[in-house]
Amino acid sequence: WRGSIVRKTDNSNWDLTVSPVQISSLFDNGLGDLASVKMKVGDVYVVKNGTNYFMIKVKEVADDGSASKNEDYSSFEIKQ
């Protein structure tokens, strides 16, 4: 994610978006830049990295509940 800008979008956009132009448009209209956010399964985000745009859908979030272990992870489905 280094250098990426991430914005939240409506979850329903995942099924409706099929082209890079649509993803770029969703980014331009997305909800504010996110520095950190607590992701939930099903959340949809649009990401800009350089001149590339992506749409990601959160598929899994695992929180180990520990501040010291740092074994948390997330998995995503990606559209470009």
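The first residue in the sequence is number 1, and the count goes up from there. Values below: all heavy atoms of this structure, side chains included; hydrogens, waters and symmetry mates excluded.
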CH2 (Trp14) and NZ (Lys57) are apart, to the nearest 0.5 Å, by 7.0 Å

Quick one: pull up NZ in Lys48 and CZ in Arg7 and give me the separation to the nearest 0.5 Å.
-> 8.0 Å

Does Tyr73 belong to the same Ile/Leu/Val/Met/Phe/Trp/Tyr cluster as Val6, with side-chain heavy atoms less than 4.5 Å apart forming each link?
-> no

Which is it for Glu60 and Phe76 under the side chain to side chain contact (heavy atoms under 4.5 Å, CB included) test, yes or no, and what are the steps along the way?
-> CA-CA 7 Å; Glu60 181 180 14; Phe76 306 94; over 6 Å; no

Heavy-atom closest pair, residues Asn49 and Gly3 = ND2-C, 3.9 Å

Same cluster for Leu16 and Val44 if Ile/Leu/Val/Met/Phe/Trp/Tyr side chains link at under 4.5 Å?
-> no

Note: Glu77-Lys59 ion pair, threshold 4.0 Å (strictly below) = yes

Looking only at atom types and distance, does a side-chain atom of Lys79 sit under 3.5 Å from a main-chain N or O of Val18, one as donor and one as acceptor?
-> no

Asp63: side-chain hydrogen bond (donor to acceptor under 3.5 Å, both in side chains) partners, not counting sequence neighbours | none

Who pairs with Asn11 by side-chain hydrogen bond (donor to acceptor under 3.5 Å, both in side chains), at least two apart in sequence or on another chain?
-> Lys8

Would you give the length of the straight line joining atom CG of Asn13 to atom CE of Met55, rounded to the nearest 0.5 angstrom?
-> 5.0 Å

Residues at least two apart in sequence or cross-chain that pass side-chain contact (heavy atoms from CB on, under 4.5 Å) with Ser12, listed by chain then number, are Asp10

How far apart are the C-alpha atoms of Asn52 and Gln80, what are their side-chain angles, what is the distance that settles it, and do they pass the side chain to side chain contact (heavy atoms under 4.5 Å, CB included) test?
-> CA-CA 8 Å; Asn52 299 305; Gln80 183 176 15; 4.2 Å; yes

Look up atom CG in Leu26 and atom OG1 in Thr9, then write down how far apart they are to the nearest 0.5 Å.
-> 4.5 Å

Tell me, please, which residues at least two apart from Tyr53 pass ring pair (Phe, Tyr, Trp, His ring centres under 6.0 Å).
-> Phe27

Taken in chain and number order and not counting sequence neighbours, the residues that satisfy side-chain contact (heavy atoms from CB on, under 4.5 Å) with Ser25 are Asn29

For Thr51, which residues count as a side-chain hydrogen bond (donor to acceptor under 3.5 Å, both in side chains) partner, sequence neighbours excluded?
-> none

Thr17 meets the side-chain hydrogen bond (donor to acceptor under 3.5 Å, both in side chains) criterion, sequence neighbours left out, with none

